[in-house]
Amino acid sequence: QKEVEQNSGPLSVPEGAIASLNCTYSDRGSQSFFWYRQYSGKSPELIMFIYSNGDKEDGRFTAQLNKASQYVSLLIRDSQPSDSATYLCAVIGGGATNKLIFGTGTLLAVQP
Amino acid sequence: DAMVIQNPRYQVTQFGKPVTLSCSQTLNHNVMYWYQQKSSQAPKLLFHYYDKDFNNEADTPDNFQSRRPNTSFCFLDIRSPGLGDAAMYLCATSRQKADTQYFGPGTRLTVL
């Protein structure tokens, strides 16, 4: 079982719609959860982080965390073509390693 | 602006010819990381420094070494690059272990 799992996509949504990106993780002791956006050929850019169960909103982005289900998601409202990128879910596991574990990412394509 | 800088952005080397990639940061973060990312894959942690304390991932090839002469700079040395080492190399920093990681723009390495 992979430590952090994401659907590779592509997830195609029309411009203006809500894009929903999902991620599950295997380490129940994980405490910190991150979403990075990565454009093709570029480096990961932090979009949001979340530590507590529930929702966290920042502009058009909402991160949702459910530790009981080991599930974290990212909602993008009013999707724009410029949102087209790979979205990487990353988790810092429990224990002493403090290592950031990445999923392989979901490719989002926003159609004009 | 505080940031993570990587040089060069693109590096071409010949099979077996040593190469050094550099990373600098103005964030005054204690932790610096080197990741390798190949196409359509998640970033893979190679090493990290917590201040001067060096941590090597168990599966990082012996061909890869790192130096951190001071808080601001960190280098990745590839002693004898093989074709399989062609990848994007990402430097990241965090204030402390388990804190949010911020990435530099990356260095794209091509091995001929």
Q | Heavy-atom contact with chain B under 4.5 Å, split by part of Y51(A) | A | side chain
Q: Heavy-atom distances under 4.5 Å only: say whether Q31(A) touches chain B with side chain, backbone, both or neither.
A: neither
Q. Given the options Q41(B), R9(B), R108(B), E57(B), which has more heavy-atom pairs under 4.5 Å with chain A than any of the others?
A. E57(B)
Taking C-beta and beyond as the side chain, do [X] and [Y] meet within less than 4.5 Å on heavy atoms?
X       : Y       : result
Q101(B) : Y36(A)  : yes
K99(A)  : L45(B)  : yes
K42(A)  : M88(B)  : no
S40(B)  : T104(A) : no

(Q) As a test of understanding, state which of Y35(B), F103(B), Y102(B) forms a side-chain contact (heavy atoms from CB on, under 4.5 Å) with P44(A). (A) F103(B)
(Q) Any side-chain to backbone donor/acceptor pair from S43(A) onto G104(B)? Under 3.5 Å, distance only. (A) yes
Are more than 12 heavy atoms, taken from residues, nucleotides or ligands other than [X], located less than 6.0 Å from that residue's [atom1] atom?
X      : atom1 : value
F49(A) : CZ    : no
K17(B) : NZ    : no
R67(B) : CZ    : yes
L46(A) : CG    : yes
D62(B) : CG    : no

Tell me, for [X] versus chain A, whether the close heavy atoms (under 4.5 Å) come from the side chain, the backbone, both or neither.
X      : value
D99(B) : backbone
Y33(B) : neither
Q6(B)  : neither

**Q.** Choice from L107(A), L100(A), T86(A) maximising heavy atom contacts with chain B below 4.5 Å
**A.** L100(A)
Q) Taking atom CG of L88(A) and atom CD of Q37(B), what is their separation to the nearest 0.5 Å? A) 6.5 Å
Q) If two hydrophobic side chains count as joined below 4.5 Å and joins carry through other members, does I50(A) share a cluster with I47(A)? A) yes
(Q) Looking at every heavy atom in both S32(A) and A98(B), which two are closest together, and how far apart are they? (A) OG-O, 4.2 Å
